[in-house]
Amino acid sequence: MLLIYQIKVGLCLIAFYLLWKLLLSRETFHRFNRVALLTVMVLALVLPWIRLSLDAPASVVSRMVVLDEVIVGTAGAAKPHEIASSWTVTGVMAAVYATGMALVLMWFLHSRWSLYRLMKKGRREPLAGGITLHVLPGDISPFSYFSHIVISEQDYRDNPREILIHEQAHIDLHHSLDVMFWNLVMLFQWWNPAAWLLGRELGQVHEYEADEAVLNQGVDVKQYQLLLIRKSVGDKLFSMANNFNYQSLKKRIRMMTMKKSSQWKTLRALAVVPVIALALLAFANPKSVAAVVVTADVQQDRMTQSTEDKPELVIVGMRPDNIAEVEASPQADEETKPQSKKVYESVEQMPEFPGGIAAMMRYLSENIKYPPEAAKNNIEGRVVLQFVIDETGQVGDIQVARPVSEELDAEAVRVVKSMPKFEPGRQDGEAVSVWYTLPINFKLQGNPAETQNTPAVHGTAKLQGKDDKSQEQ
């Protein structure tokens, strides 16, 4: 869940960065640009959480039981890479992602610790507005961090006014809060180049704002530019601080001499609106779309079934964004269903196995045995069962909707028949009988002749429930 969310955030950041670079990065309304950068970062974090439903029929599918198939195989015959394949990709991705987060967090913590250690050196002088000035010996590039300004003895002696105005502008404009927010984004988006580039653009805009504050105080442009050039080489920079010496010095000098951009160009920011709309559409709840498609397919199949001799399409209870269709044999025809009482195909509250879907999968896994005769004859395939869970929760009227062999069909029916009572399905608050479809995939792995005497359950199912996260057993 977290990985998918972060991927969506990353895609939004990439789109917003490209939009920013194309339309606003060269303009001189620095305050607006700063707000725009912070806004797109917030939007990137929020948009993936907004799930729009595109149509009302979504409720039809959301009531269906979410269930994949049960895979039964012969014990000891599975290949190692086949057993691990279900978790290798997500497991490795999660491990790499967590490792990256840990390294970035260590980097941030080390940067802050180094910053505090540095500020403890030298002497302190109080300034107006609750600002503390730290004057340090040696050659160090000036920087500010919240209400602290760090400056070298030489800079304090030679060029105190320009440097202090610049750093005080960082403090007055609360640039350190922006940096902290970007650090938080980077902690989760460390893998995304767009996040790093947006942080660099934000730092550049901070410097533009501070430079503008210096020039507004009457400092000569050329004198200030020469000071920037002289200070272009200094001590190491801190990721948590606002630095007087910034890497893109050429851009800063050019920005000071540029003609002021027309305020009408701020309307370019409206280009983000279609990007937001596309993101909302891309992240929209897919179950509504799936519901429309599935409902149409089922209705069409029912219409043609009465006039054409075609197998019925059985909708296995999949979650809305992973709906599957299973071919059924004519044995599952509507005429074989009991007519004495109404049996629902979908209700407001579907029947539930005691303990939930995961518990049902455990029960099936522990009780299904691969028939020795089927293993000996190398018979495998997917058996699809349909059965009714009545208003008392009892399993009955078990039918083989898709047979494979006499042995496999019988084993599947045996286990389903032995299942305990379900929590019955409910419609309008009343317990009702509901049709339930369950696919069980019998699969041989390795040489069946070597394992025919030791039949056992090899694997189980991949589950995805309305109230359960995906899990594998």
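Only this structure's heavy atoms are used, side chains among them; waters, hydrogens and symmetry mates stay out. For clarity, every value in this text was computed on a predicted model and none was experimentally measured.
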Less than 4.5 Å apart, side chain to side chain, heavy atoms only: is that true for [X] and [Y]?
X: L45; Y: V185; value: yes
X: L202; Y: H206; value: yes
X: L227; Y: I163; value: yes
X: Q204; Y: M255; value: no
X: Q189; Y: W182; value: no
X: F146; Y: M180; value: yes
X: M186; Y: F108; value: yes
X: L133; Y: L164; value: yes

Item to complete: Check the pair L136, L118 against side-chain contact (heavy atoms from CB on, under 4.5 Å), reporting the backbone distance first and the verdict last.
Response: CA-CA 8 Å; L136 278 63; L118 185 65; 3.3 Å; yes

Measure the [atom1]-[atom2] distance between [X] and [Y] for me, rounded to the nearest 0.5 Å.
X: L43; Y: C12; atom1: CG; atom2: SG; result: 8.5 Å
X: I229; Y: Q225; atom1: CD1; atom2: CD; result: 7.0 Å
X: E153; Y: D158; atom1: CD; atom2: CG; result: 11.0 Å
X: I389; Y: E423; atom1: CD1; atom2: CD; result: 11.0 Å
X: Y156; Y: E125; atom1: OH; atom2: CD; result: 3.5 Å
X: L267; Y: L23; atom1: CG; atom2: CG; result: 11.5 Å

Can you tell whether the side chains of [X] and [Y] come within less than 4.0 Å, N to carboxylate O?
X: R252; Y: E207; value: yes
X: K260; Y: E212; value: yes
X: R426; Y: E348; value: no

Can you classify the ring geometry of [X] versus [Y] as parallel (below 30°), tilted (30 to 60°) or perpendicular (above 60°)?
X: H30; Y: Y208; value: tilted
X: H148; Y: H134; value: tilted
X: Y363; Y: F353; value: tilted

Discussion item. On a heavy-atom basis, which atom in G199 and which in M41 lie closest, and how many Å separate them?
Written reply: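 Nearest pair, atom of G199 first, then M41: N-CE, 4.3 Å.
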
Worksheet item: Which atom names give the shortest non-hydrogen contact between K251 and K21, and what distance separates them?
Response: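 That would be NZ-NZ, 4.1 Å.
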
[X] side chain to [Y] main-chain N or O, any donor-acceptor pair under 3.5 Å?
X: N192; Y: G10; result: yes
X: S261; Y: T28; result: yes
X: S111; Y: W107; result: no

Discussion item. Please confirm whether the ring centroid of F188 lies under 6.0 Å from the ring centroid of Y97.
Written reply: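 Centroid distance F188-Y97: not below 6.0 Å, so no.
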
Fill in: Verdict with supporting geometry, M256 and L228, side-chain contact (heavy atoms from CB on, under 4.5 Å)
CA-CA 12 Å; M256 295 179 201; L228 292 179; 3.3 Å; yes

Worksheet entry | Stepwise side-chain hydrogen bond (donor to acceptor under 3.5 Å, both in side chains) test for H170 and Y145 | CA-CA 8 Å; H170 281 306; Y145 179 68; over 6 Å; no

Practice prompt. Go through N33 and W20 one step at a time and tell me if the side-chain contact (heavy atoms from CB on, under 4.5 Å) criterion holds.
Written response: CA-CA 9 Å; N33 282 351; W20 155 267; 3.3 Å; yes

Fill in: Full working for side-chain contact (heavy atoms from CB on, under 4.5 Å) between M360 and E352
CA-CA 9 Å; M360 180 172 68; E352 184 177 0; over 6 Å; no

